[in-house]
J.: 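Pasting a structure below so you can have a look.
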4 protein chains.
Amino acid sequence: MKIGMLTGGGDCPGLNPAIRGAVLRLLDYGDEVIGFTQGWKGLVEGNTEPLTLERVEGIIDQGGTILRSSRTNPFAPGKEAQLEAVLANIKKFELDALVALGGEDTLGVASKLYTLHNVPTVGVPKTMDNDLDKTDYTFGFDSAASVALDSIDRLRDTAKSHDRVIVVEVMGRHAGWMALWSGVAGAADWVLLPEVAVDIEAMCEQLKKNYARGKTWGIVVVSEGVEIPGAQKGDNVELDAFGHHQLGDVGIGPAIAKEIEKRTGFPTRDVVLGHTVRGGSPTLFDRILGTRVGIHAAELVHKGDFGKMVALQGTEILAVPIQEAVKQWKLVPQDLYDTFVTTFNK
Amino acid sequence: MKIGMLTGGGDCPGLNPAIRGAVLRLLDYGDEVIGFTQGWKGLVEGNTEPLTLERVEGIIDQGGTILRSSRTNPFAPGKEAQLEAVLANIKKFELDALVALGGEDTLGVASKLYTLHNVPTVGVPKTMDNDLDKTDYTFGFDSAASVALDSIDRLRDTAKSHDRVIVVEVMGRHAGWMALWSGVAGAADWVLLPEVAVDIEAMCEQLKKNYARGKTWGIVVVSEGVEIPGAQKGDNVELDAFGHHQLGDVGIGPAIAKEIEKRTGFPTRDVVLGHTVRGGSPTLFDRILGTRVGIHAAELVHKGDFGKMVALQGTEILAVPIQEAVKQWKLVPQDLYDTFVTTFNK
Amino acid sequence: MKIGMLTGGGDCPGLNPAIRGAVLRLLDYGDEVIGFTQGWKGLVEGNTEPLTLERVEGIIDQGGTILRSSRTNPFAPGKEAQLEAVLANIKKFELDALVALGGEDTLGVASKLYTLHNVPTVGVPKTMDNDLDKTDYTFGFDSAASVALDSIDRLRDTAKSHDRVIVVEVMGRHAGWMALWSGVAGAADWVLLPEVAVDIEAMCEQLKKNYARGKTWGIVVVSEGVEIPGAQKGDNVELDAFGHHQLGDVGIGPAIAKEIEKRTGFPTRDVVLGHTVRGGSPTLFDRILGTRVGIHAAELVHKGDFGKMVALQGTEILAVPIQEAVKQWKLVPQDLYDTFVTTFNK
Amino acid sequence: MKIGMLTGGGDCPGLNPAIRGAVLRLLDYGDEVIGFTQGWKGLVEGNTEPLTLERVEGIIDQGGTILRSSRTNPFAPGKEAQLEAVLANIKKFELDALVALGGEDTLGVASKLYTLHNVPTVGVPKTMDNDLDKTDYTFGFDSAASVALDSIDRLRDTAKSHDRVIVVEVMGRHAGWMALWSGVAGAADWVLLPEVAVDIEAMCEQLKKNYARGKTWGIVVVSEGVEIPGAQKGDNVELDAFGHHQLGDVGIGPAIAKEIEKRTGFPTRDVVLGHTVRGGSPTLFDRILGTRVGIHAAELVHKGDFGKMVALQGTEILAVPIQEAVKQWKLVPQDLYDTFVTTFNK
């Protein structure tokens with residue numbers, strides 16, 4: 001068989017282990033594997049590189065993606081020509097199957113190619129935010145959250161040394177997995193997620209309680225996706241009906257920091273981790289998960305089980321319809337959040 | 001309530017997060033928590049330290065165990081006096097429950113105290129080897145295997161620079177989880193586990209094949225528990241019926257290394273990782289897992305659900321009878337091993 | 001003797017090793033050592049904690065400072081009452097000597113106390129920026145620049161995966177040591193320092209040259225202290241006479257990123273590392289340097305050699321007049337910069 | 001010009017940054033650079049690979065050496081044919097200069113080629129042990145000692161948790177730099193170097209003193225090169241005239257551990273770090289040092305300043321006659337050791 005492969009969306013650790021796992025297994029079957037570079041753009045333009053044993057065997061410890069990526073989406077409005085090019089290239093390159101590694105957007109394309117155009121696709125989920133549904137974890141998350149945790153561990157030193165509160169904004173537009181995981185593991189004094197209503201007053205009361213008993217510093221971790229109801233950039237907004245502040249262009253973290261300083265009087269600083277957590281060598285967890293889902297994607301190809309996404313459920317790797325997975329975000333369940341509250345709400 | 005807590009057996013990362021999680025939750029209930037130092041020895045001798053908010057809040061990033069540990073087992077033959085002392089101290093300290101964190105041995109004591117002497121115990125599983133049954137993972141494993149992986153990543157540099165094979169012996173007496181996880185993630189050319197019959201010839205053929213195509217170096221990862229049938233220390237032993245060698249006092253890794261060098265002619269070195277992977281700050285995974293099982297242990301205490309061990313199954317923390325968990329080792333399933341074979345058997 | 005000790009200014013890794021080194025050596029002499037908490041504020045208010053063997057022996061691997069810090073400066077205009085309190089407390093606590101660990105500001109106070117008020121002070125230099133004169137290196141720099149380097153290493157993965165330029169802003173208001181060290185070690189394609197005139201055009205030409213030969217990504221490292229001549233916040237400013245842009249509130253890094261994107265057309269992102277590099281366990285280099293200068297400060301106390309700052313020159317630790325060290329910044333010499341240009345200007 | 005380059009002896013972090021620095025600078029001069037693979041073996045056999053911008057620009061973060069290495073020494077007794085082949089290949093490949101990166105052995109060959117056969121050689125020093133004379137530091141040392149320190153930091157967790165002494169054997173046959181640096185930075189309770197007479201009794205007294213005051217654990221760091229006077233493998237030997245033990249095949253660390261346990265009664269374990277510290281991504285310090293000495297080697301080539309080795313003295317890179325550097329080991333000076341004694345001899 002001849003198999004195409006591509007990676008779309010933001011890069012994250014685990015993509016290379018997954019490419020490697022899939023290619024190694026496909027080679028066992030005697031397949032030829034070609035990579036399309038820069039995601040769907042590569043398939044639009046027909047840009048390829050051969051994926052051989054020599055090319056992939058040494059990439060398991062590399063962050064990013066050797067196939068490079070882009071945000072090209074051939075199903076975006078007005079991109080009909082791109083879609084035609086994709087379909088033409090699938091024919092031209094005589095692909096028997098297409099393995100697409102990516103997040104909601106990339107997998108959505110793979111799903112539509114399968115359902116609307118009968119292209120035999122297999123999806124491999126990737127998201128640093130861990131918000132893709134139907135899989136317990138996606139690779140990239142453990143690596144990125146571990147880097148965030150390292151930062152929080154370091155920031156505690158500074159918070160303690162200067163009797164400060166430090167607000168750390170981490171990734172997570174829809175779901176608070178990274179904030180919750182890195183915050184709890186980093187001994188944060190409060191964690192704010194998109195899934196849970198912001199209670200500025202309760203948070204500030206907790207910080208004051210800590211100061212009163214001699215813990216004269218604090219760490220607050222906040223997802224980038226946390227919103228203050230009604231607030232818009234540049235507005236003077238009501239925060240939780242207990243105050244107001246100027247919501248700047250610089251994100252939710254700085255806004256929260258200002259509000260804490262105002263309400264508690266404690267010197268407060270903010271740090272936005274942003275892109276610094278994206279890259280880097282994948283962790284053990286992500287190398288193993290990436291390898292497993294990559295291998296399983298190859299098996300789906302040879303079973304002819306298309307339109308599916310590989311997923312981790314418990315300790316098993318299995319296949320779920322891509323359509324099911326991209327329907328909604330996987331959010332932090334309320335009871336899991338409640339469990340962790342004991343670690344910061346004292 | 002008044003709750004006792006202790007940690008037994010070898011230390012590992014995750015014990016402190018678990019102690020912290022349990023104490024923080026018990027404090028929510030208004031309990032008094034006392035730690036017995038050095039495992040069952042502390043309960044035998046009545047050595048304690050109070051476990052307060054201030055004592056535990058900052059320990060999540062610390063390896064080892066603040067309660068210290070020992071191998072004391074009051075159910076060991078001839079230790080009746082120790083057992084009496086344990087039972088007396090449980091009365092004397094007016095314990096309403098006892099939370100024991102440890103491996104098969106420590107949990108076995110907790111189970112017997114419950115079944116034979118009606119002591120209200122809850123177990124929290126810990127093992128770097130990941131070989132405890134009825135739980136998907138135990139804390140300590142991700143941290144230790146990650147340190148092993150770091151070593152393997154570094155050893156590849158040396159193997160490549162010197163066109164050598166390096167044999168890395170990692171922990172795992174009964175089960176090969178650490179060898180398999182760190183070996184696959186470290187791009188090993190072969191992995192030897194206690195669960196799978198050693199095939200020295202197939203391994204050496206693979207290394208020769210690699211050399212022949214220009215990959216003139218190799219990494220082999222082996223569990224300490226791998227055995228050569230019939231071999232005893234100091235013997236000239238048959239290895240897999242394809243050769244023989246002097247099995248030294250220094251473990252299986254060096255023996256395998258000598259055999260590889262003899263059969264392939266490739267310069268081969270061995271490294272025994274041993275204790276260097278035990279300590280260190282717990283990984284994100286182990287901090288979260290430790291925190292969750294610690295909190296859940298506190299909940300079991302307050303539900304009066306004793307004789308149970310907390311366990312991770314899928315994404316849930318739940319309780320299983322300790323007796324069930326310590327009956328047999330959790331071994332690497334054959335099909336999981338088979339899946340990974342594609343990564344090194346080319 | 002009775003010795004006071006304090007740490008002032010921003011925290012950095014190496015302070016705890018230095019406190020430890022000094023205390024361990026002073027204890028050899030049979031001295032009593034007391035720490036004043038939060039820098040000069042502690043001496044103003046008389047807040048102390050005893051510095052014993054048990055307190056300091058285990059702190060060598062901890063970031064920040066156990067004595068905590070502040071920006072209090074008793075010689076600042078209008079702070080005469082603070083200065084009087086300092087002098088009164090030095091008498092009240094019967095200090096035979098005062099060891100002050102800090103940067104230009106903290107050491108400046110120590111120097112004036114010695115020259116103007118005859119207080120027997122010894123200074124221990126600390127600055128993450130490495131811009132303190134008369135010493136080859138100060139502790140904190142290696143640790144902070146190493147964290148910056150880790151970030152740059154990770155950002156390369158993302159830059160490569162997305163064919164992007166990433167501009168990384170690092171600390172360094174007066175001197176470009178951190179930008180130069182982390183940039184060169186991180187294989188940056190250009191480095192901008194306060195000491196060297198900004199040549200936006202040359203930089204963009206280099207990036208275009210790289211893209212033209214197939215290196216379709218880039219890393220630029222810039223010190224926070226780099227200035228565009230004549231530019232003010234909110235202005236539309238001329239950049240190097242080759243263009244203009246809106247200089248925002250968010251620092252020089254984002255401004256440079258926008259300019260690069262405008263001139264080259266390459267997608268460009270920026271990252272501001274800021275506080276994330278401050279804390280964390282000190283590196284080997286900083287633990288050894290901190291320990292050595294701490295011990296040497298204790299020796300100066302017992303030689304009665306006051307008004308001096310300990311310094312590293314070559315492989316030796318020696319003493320220089322504080323006044324000499326705080327007169328001017330230690331800048332990156334032009335010829336050192338020129339040497340490194342070969343690594344990015346191809 | 002046409003320049004040859006090779007790396008000999010054990011691999012270490014910093015070789016790739018040095019290769020890169022030298023090549024980047026030579027390319028500025030318009031030179032052609034070819035690498036001989038596997039050290040002097042490559043020059044004997046004429047095995048080469050071109051060293052271009054594309055080949056070297058991305059290697060600064062890689063451990064080991066892309067040119068690979070060997071222990072081949074064409075001046076070894078009976079290797080006259082190898083020497084002739086080297087001289088013939090220098091002619092055949094029309095080399096205008098030869099840059100050799102390595103330790104005492106490799107540099108010794110470069111020196112003899114220059115003095116005896118007029119070959120224009122430049123040496124770049126490399127040794128993890130930091131025992132090469134005439135340079136303050138060699139790259140590889142900071143990286144390797146940092147990995148050793150990480151291990152010691154982890155081992156403290158285990159020592160504390162189990163009330164144990166742990167003896168850590170690190171590299172250093174002739175000089176104790178790695179033991180002293182990693183031991184002092186790792187808060188060791190005693191450090192044994194080849195340069196200082198072993199005083200087992202004083203060490204054990206210190207450990208007993210620590211236990212008596214409640215520090216019921218300890219770390220001892222020992223260089224592999226430490227010798228017990230008169231002891232031979234397999235002997236029952238006198239240790240320091242205060243006891244005797246069986247000196248095994250497994251090195252000095254285990255022997256010291258047994259002796260400590262015997263004399264103090266404290267449970268004692270040993271760990272031999274060995275090869276695990278060799279590889280891995282070079283630290284900031286080693287990337288900068290490697291880059292600087294590599295660039296300087298290129299400058300020496302273009303000055304025609306041959307038979308020299310580049311060296312770090314203070315903050316400057318300069319050239320010294322290779323002959324001077326390989327005459328004797330650079331040992332830890334007694335007064336430096338004495339300075340550090342305060343950190344463990346309390």
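Here the structure is a predicted model, which means the values were calculated and not measured. Values below: every heavy atom of this structure, side chains too, minus hydrogens, waters and symmetry copies. Letters A, B, ... mirror the listed sequences (proteins, then strands); counts begin at 1.
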J.: Where is the tightest heavy-atom contact between C:S161 and A:D11, given as atom of each residue plus distance?
T.: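 Taking every non-hydrogen atom into account, CB-CB, 3.6 Å.
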J.: Applying side chain to side chain contact (heavy atoms under 4.5 Å, CB included) to A:T216 and C:R68, what does each step give before you reach the verdict?
T.: CA-CA 11 Å; A:T216 54; C:R68 295 183 290 148; 3.8 Å; yes
J.: Tell me, side chain or backbone of C:D153 under 4.5 Å from chain A's heavy atoms, or both, or neither?
T.: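 No part of C:D153 comes within 4.5 Å of chain A.
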J.: Picking from C:H162, C:H275, C:K160, which has the most non-hydrogen pairs under 4.5 angstrom with chain A?
T.: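 Top option by heavy-atom pairs under 4.5 Å: C:H162.
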J.: Output the option from C:L67, C:I66, C:V147 having the highest count of non-hydrogen pairs under 4.5 Å with chain A.
T.: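 The residue among C:L67, C:I66, C:V147 with the greatest pair count is C:V147.
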J.: If you count heavy atoms of other groups shown closer than 6.0 angstrom to NZ of A:K215, is the number above 12?
T.: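 Enclosed.
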J.: Roughly how far, to the nearest 0.5 Å, is the CD1 atom of C:I166 from the OG1 atom of A:T276?
T.: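 The OG1 atom of A:T276 sits 10.5 Å away from the CD1 atom of C:I166.
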J.: Can you tell me which portion of C:D150 sits under 4.5 Å from chain A's heavy atoms? Options are side chain, backbone, both or neither.
T.: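 Contact with chain A involves no heavy atom of C:D150 at all.
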J.: Given heavy-atom pairs under 4.5 angstrom as the criterion, report whether the side chain, backbone, both or neither of C:L273 touches chain A.
T.: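 Side chain only.
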J.: Side chain to side chain contact (heavy atoms under 4.5 Å, CB included) for A:Q38 and C:D163? Distances and angles first, verdict last.
T.: CA-CA 9 Å; A:Q38 300 183 288; C:D163 302 279; 2.9 Å; yes
J.: Is the closest basic N to carboxylate O distance between A:D157 and C:R278 below 4.0 Å?
T.: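 Salt bridge flag = no for C:R278 with A:D157.
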J.: Calculate, to the nearest 0.5 Å, the distance between atoms CZ and OG belonging to C:R164 and A:S69 respectively.
T.: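 Atom-to-atom, C:R164:CZ and A:S69:OG are 9.0 Å apart.
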J.: A:G39, A:G64, A:G63: which one forms the most heavy-atom pairs within less than 4.5 Å of chain C?
T.: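 Sorted descending by pairs with chain C, the first entry is A:G63.
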J.: Might you work through the side chain to side chain contact (heavy atoms under 4.5 Å, CB included) test for A:R154 and C:V277, ending with a clear yes or no?
T.: CA-CA 8 Å; A:R154 285 195 303 272; C:V277 307; 6.0 Å; no
